[in-house]
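The structure appears below as structure tokens.
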Amino acid sequence: MTTCLNRYGWLFPGVMILLGVLMPGSALAATVEVQPLGNFLYMAGTDSASPQINIDPLQGKSAGTNGMGEILSLPEVLRYALERNRNIEIAAYQPLQAEQDLRRYRSVYDPVAFAAGSTSQVDRPVQSQLDTGSILDDALTEDRWLVRAGVKSLVPSGATVSLYQEIDYLDSSSSLIFPNPQGTSRVTAQLNQPLLKGIGDLENRTAIKVARLNVNISNEDFRQTVMDVVANAALTYWQLAQDQQVIDIARRYLDKTKDIYQREHYRLGRGLAKELDVARIAANLDSRLSELILLQKQAKTTEKRLQLLINAPGLFVVPRQLKVDMRKEAILNGVNLDHAMAESDALQYRPELERVRRELQVAELNKGLAKLDRLPTLDFQASYSKNALDDEVRDVGGDAYESDKDSWTLGLNFEIPLGNRAANSQYRRTEFDYRRKLAEYEQVKETIIFEVNQALTDLELAQAEVEAAERARETALKVVEGENALFELARADTSDLLQAQNQLDLAERKLTQGLVAFSRARIVLNRAKGTLLNEFGVQLQ
């Protein structure tokens with residue numbers, strides 16, 4: 001054991017010193033971990049103003065079942081969209097891929113163990129007495145093998161450091177070789193350190209930083225995809241709420257028109273009504289029936305669009321009435337129309353802007369790297385070896401660590417392209433790319449501010465529309481009540497009553513459209529501010 005330690009005692013300190021040099025590179029590459037997004041934490045709240053749509057249960061039943069269905073609220077639709085939407089499923093892989101790219105670039109500082117070996121045999125005529133040391137020999141024969149093994153790594157200074165050992169065996173017919181056979185061994189430490197271009201290993205360090213920024217960029221892309229899906233699902237849900245509510249209104253007034261038609265048709269048989277009045281009611285009845293069919297067609301299209309968003313084709317039961325409480329107080333309550341605060345939120349939370357910020361940082365890093373690449377190449381090279389010779393190959397490996405025979409080299413290597421056009425062109429290209437990204441950043445900011453202000457304007461107008469529609473509905477209701485009383489007293493004809501009912505029908509539709517428009521405008525505003533996921537209780541992990 002003591003002999004072994006003496007023989008290999010130089011090896012262990014050397015390896016420890018090398019690992020001590022290598023480890024800082026790995027530690028440096030591992031700083032500022034970036035985790036990819038891909039998991040949801042969804043805390044759905046209850047919203048008394050949210051419509052609830054009757055559809056088949058999404059769990060426990062196959063698509064296209066004919067069950068009675070269940071009430072599906074907006075939070076549940078959002079949950080299904082988060083779990084099932086294909087766009088989200090596809091986008092979730094991008095952060096994971098970006099993370100693997102980061103791991104790959106960081107691996108440049110991982111130590112590399114290497115080994116190589118070769119064997120050869122020589123049998124050639126003697127060309128000189130110096131080949132074998134004897135004039136009687138007519139051929140030189142040699143058997144040789146060489147083994148090399150060690151470890152090397154790149155370090156943050158840009159240097160390449162290596163530590164390896166070579167063992168060479170030679171068995172020759174020459175009498176000039178002594179000892180014969182013999183083994184030689186060399187333990188060598190080498191260093192190649194750039195002094196100008198490449199110093200500090202800026203290329204690989206920049207690649208690691210860019211990869212880390214790409215993880216952030218892919219996270220923002222994923223966040224934007226989720227936000228778009230949530231916004232589309234919510235907007236489509238409210239559109240379906242409007243479609244079904246309008247169908248309910250149209251069906252209700254269709255029934256009222258049927259009642260009037262039956263009454264007037266009965267009176268016509270008794271000679272108490274005019275054929276013109278009955279024909280007028282019949283025309284109105286046909287018009288309402290045709291309109292109802294068109295409204296049902298539109299609702300069916302909206303249903304299919306919502307089914308596609310939540311990836312649940314065929315699960316809606318048609319026809320089903322929307323269960324909705326669109327109370328004005330519930331929907332209009334707690335709305336903040338502060339433009340300055342909305343713009344500040346958007347500039348802080350919009351994923352599109354954060355993405356461009358990261359891309360601008362990438363362009364700046366590439367610009368800095370291209371600037372240093374214009375420098376000439378000046379590398380410092382150094383090596384140190386301990387050498388040993390022995391007639392026993394099994395001992396020569398350890399002899400090298402105890403040998404006092406050493407050798408060393410120092411050198412410089414200088415290189416510069418005449419004109420340096422390639423590096424200068426690359427630098428100018430990165431400069432232009434940086435300026436382009438800077439202009440793109442300003443453009444995205446301006447677009448976001450415009451979208452926020454437009455969304456606030458739409459929200460204000462929607463609020464005014466709801467208030468006006470509420471007043472119009474109350475007025476139309478009073479007119480219908482008055483015309484209906486006159487009709488009962490035979491003091492008004494059917495045209496006046498039908499016109500009043502049409503006005504009330506239109507007013508109720510306008511009110512429904514206004515309430516839905518306000519809810520949709522609020523969603524659009526939260527999307528423009530970048531706070532939509534927080535509003536719906538969606539957290540990305």
**OP:** Let me see the working for Glu166 and Thr188 under side-chain hydrogen bond (donor to acceptor under 3.5 Å, both in side chains), right down to the final yes or no.
**Re:** CA-CA 8 Å; Glu166 293 177 313; Thr188 304; 5.2 Å; no
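Side-chain atoms of Ser403 come within 3.5 Å of backbone atoms of Asn387 as a donor-acceptor pair (strictly under, hydrogens ignored). Checked by atom type and distance alone, the side chain of Arg148 never pairs as donor or acceptor with a backbone atom of Ala115 at under 3.5 Å. Listed for the Asn85 side chain is a donor-acceptor partner under 3.5 Å among the backbone atoms of Leu309. Between the side chain of Thr236 and the backbone N or O of Ala233, no donor-acceptor pair lies under 3.5 Å. A side-chain donor-acceptor contact under 3.5 Å links Gln193 to the backbone of Ser157. Of the possible donor and acceptor atoms, one in the side chain of Asn180 sits under 3.5 Å from a partner among the backbone N and O of Ser172. In terms of modelled atom types and a separation under 3.5 Å, the side chain of Glu99 and the main chain of Val215 share no donor-acceptor contact.
Side-chain atoms of Tyr80 and Asn311, non-hydrogen and from C-beta on, never get closer than 4.5 Å to each other. Here the side chains of Thr409 and Tyr384 are not in contact, with every heavy-atom distance at 4.5 Å or above. Taking the side chain as every heavy atom from C-beta outward, Thr377 and Leu196 never approach each other to under 4.5 Å.
The CG atom of Leu154 lies 10.0 Å from the CD atom of Glu203; values are rounded to the nearest 0.5 Å. Note that the CG atom of Leu459 and the CD atom of Gln454 stand 11.5 Å from one another [nearest 0.5 Å].
A cation-pi geometry, defined here as NZ or CZ lying under 6.0 Å from the six-membered ring centre and within 45° of its normal, does not hold between Lys529 and Tyr349. In this structure, Lys367 is positioned above the aromatic face of Tyr434, its NZ or CZ under 6.0 Å from the six-membered ring centre and within 45° of the axis.
Salt bridge status for Glu354 with Arg350: absent, with no side-chain N to carboxylate O gap under 4.0 Å. Between Arg527 and Glu352 there is a salt bridge, since at least one side-chain N of the basic residue sits less than 4.0 Å from a carboxylate O of the acidic one. By the 4.0 Å N-to-carboxylate-O rule, Glu535 lies too far from Arg522 to be salt-bridged with it.
Closest of all the heavy-atom pairs between Leu353 and Lys445 is CD1-CG, 3.5 Å. When all heavy atoms of Ala139 and Thr132 are compared, the pair lying nearest together is O-CG2, 3.8 Å. The heavy-atom pair separating Thr302 from Gln239 by the smallest distance is CG2-CG, 3.9 Å. Nearest heavy-atom pair, Ser185 versus Ala400, reported as atom, atom and distance to 0.1 Å: OG-CB, 3.5 Å.
Sorted by first and then second residue, the ring pair (Phe, Tyr, Trp, His ring centres under 6.0 Å) pairs with a member in residues 145-175 read Trp145-Tyr169; sequence neighbours excluded.
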Side-chain donor/acceptor pairs under 3.5 Å, residues 410-424, sequence neighbours excluded:
from	atom 1	to	atom 2	distance (Å)
Asn420	ND2	Arg374	O	2.8
Asn424	ND2	Asn420	O	3.1

